[in-house]
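Beneath this line is the structure, given in structure tokens, with notes to follow.
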Amino acid sequence: MMKQFIIGISGITNGGKTTLANRLLKLLPNCSLICQDDYFKPDSDIETDENGFKQYDTIEALDMETMIKAVHSWIKLSQDVLAMEEKKEMCSTCEEKAYFLIVEGFLLYHYKPLENVLNRKYFLSIPYEESKQRRSRRIYNPPDPPGYFDGHVWPMFLKHKKEMEETHSDIVYLDGTKSEDEIQSLVYSDIISSFSIHK
């Protein structure tokens, strides 16, 4: 049977999630990537608070049903690939073959159907000033209105992080201020070790 291993990479805005995910994508064999940012609902469906801020940093802003369908499609497809190889006797080492999926996004651990399929969970954090500075250098569409980080992004991050810490004990917390190489090395080693345990 094929061994599947699904990895969650979450964390604060501009904390290094996408960079880490793309690095691991190149390192891990038979690896695919699903990004939560690809599942935002249309702008017209995003609620606005009393300050006029669009509520993008909420689970309601995301089409999580479609996202989890994509995850389950990957699970089925990777199973089908191995079954086909075994049937054709093309895979002499199928029992050792591994398929990896990286799921990357800022709110991965607040949706039970997704949480239930993740084999390993990581969370990147950086300090307030660092996050604000990094975000100010990025171009968003639509762009952040004045005061958006302090009025919506940071408060929602603190709220979600508190909820996550109260309900999860299996998350590996990462210091996003460390170098990209150091974070990659730590996570890659941890994935390989965890994968061996799950075999």
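Just so it is clear, the values below take in all heavy atoms, side chains as well, and ignore hydrogens, waters and symmetry mates. Given the structure is predicted, the values throughout are model-derived calculations rather than measurements.
- Using a 4.5 Å heavy-atom threshold, the side chains of Leu108 and Lys121 count as separate.
- Under the 4.5 Å side-chain criterion, counting only non-hydrogen atoms from C-beta, Tyr188 is in contact with Leu28.
- Once rounded to the nearest 0.5 Å, the distance linking CD of Glu115 with CD1 of Ile68 reads 10.0 Å.
- Panel note: side chain Ser131, backbone Gly15; no donor-acceptor pair is recorded below 3.5 Å.
- Side chain of Gln55 to backbone of Phe53: a donor-acceptor contact under 3.5 angstrom is found.
- In this structure, OG1 in Thr177 is found 8.5 Å from CD1 in Ile126, a value given to the nearest 0.5 Å.
- Between Lys54 and Asp43 the shortest heavy-atom distance is NZ-O, 3.1 Å.
- Side-chain N or O atoms of Arg23 include none that pairs as donor or acceptor with a backbone N or O of Gln184 at under 3.5 Å.
- Contact record, Gly105 with Ser10: O-OG, 2.7 Å, taken as the closest heavy-atom pair.
- Between Tyr140 and Tyr56, every side-chain heavy-atom pair lies at or beyond the 4.5 Å cut-off.
- Cluster membership for Phe123 and Met156, using ILVMFWY side-chain heavy atoms within less than 4.5 angstrom, is not shared.
- Between Phe100 and Leu24 the shortest side-chain heavy-atom distance does not fall below 4.5 Å.
- In this structure the side chain of Asp37 never reaches within 4.5 angstrom of the side chain of Thr18, judged on heavy atoms.
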Please walk me through it: do Cys31 and Ile102 pass side chain to side chain contact (heavy atoms under 4.5 Å, CB included)? CA-CA 7 Å; Cys31 189; Ile102 299 168; 3.7 Å; yes
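- Closest approach of Gln36 and Leu107 over heavy atoms only: OE1-N, 2.8 Å.
- Between the side chain of Lys17 and the backbone N or O of Phe106, no donor-acceptor pair lies under 3.5 Å.
- Considering Asn119, Val117, Val71 as possible partners of Leu101, the one that fulfils the side chain to side chain contact (heavy atoms under 4.5 Å, CB included) test is Val71.
- Legend: salt bridge (charged side-chain N to carboxylate O under 4.0 Å, His left out) pairs involving residues 57-71, not counting sequence neighbours: none detected.
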Start with the C-alpha distance between Lys162 and Leu158, add both sets of side-chain angles, then the distance that settles side chain to side chain contact (heavy atoms under 4.5 Å, CB included), and finish with yes or no. CA-CA 6 Å; Lys162 183 175 184 294; Leu158 294 178; over 6 Å; no
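- In this structure, the ring of Phe149 has its center no less than 6.0 angstrom from the ring center of Phe157.
- Judged by distance alone, the side chain of Tyr109 and the main-chain N or O of Tyr122 form a donor-acceptor pair under 3.5 Å.
- For Gly176 against Ile183, the heavy-atom pair with the smallest separation is CA-CD1, 4.0 Å.
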Can Thr13 and Trp154 be said to form a side chain to side chain contact (heavy atoms under 4.5 Å, CB included), step by step? CA-CA 9 Å; Thr13 178; Trp154 186 254; over 6 Å; no
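- Taking both residues in full, the closest heavy atoms of Leu62 and Lys41 are given as O-CE, 3.4 Å, listed atom of the first, atom of the second, then distance.
- Rounded to the nearest 0.5 angstrom, Ser78 OG and Lys76 NZ are separated by 10.0 Å.
- Without hydrogens or angle criteria, Ser185 side chain to Glu182 main chain gives no donor-acceptor distance under 3.5 Å.
- Taking the side chain as every heavy atom from C-beta outward, Val172 and Leu174 approach each other to under 4.5 Å.
- Using cut-offs of 30° and 60° for the angle between ring planes, the His160 and His110 rings count as perpendicular.
- The minimum heavy-atom distance linking Ile75 with Gln4 is given by the pair O-NE2, 2.8 Å.
- The salt bridge (charged side-chain N to carboxylate O under 4.0 Å, His left out) contacts involving residues 137-160 comprise Lys132-Asp150, Arg135-Asp144, Lys159-Glu163, where partners must be two or more places apart or lie in separate chains.
- Interatomic distance, CG of Leu25 versus CG of Leu33, reported as 5.5 Å (0.5 Å rounding).
- With contacts defined as side-chain heavy-atom distances shorter than 4.5 Å, the pair Thr58/Glu47 does not qualify.
- To the nearest 0.5 Å, atoms CG (Leu20) and CG (Leu124) are separated by 6.0 Å.
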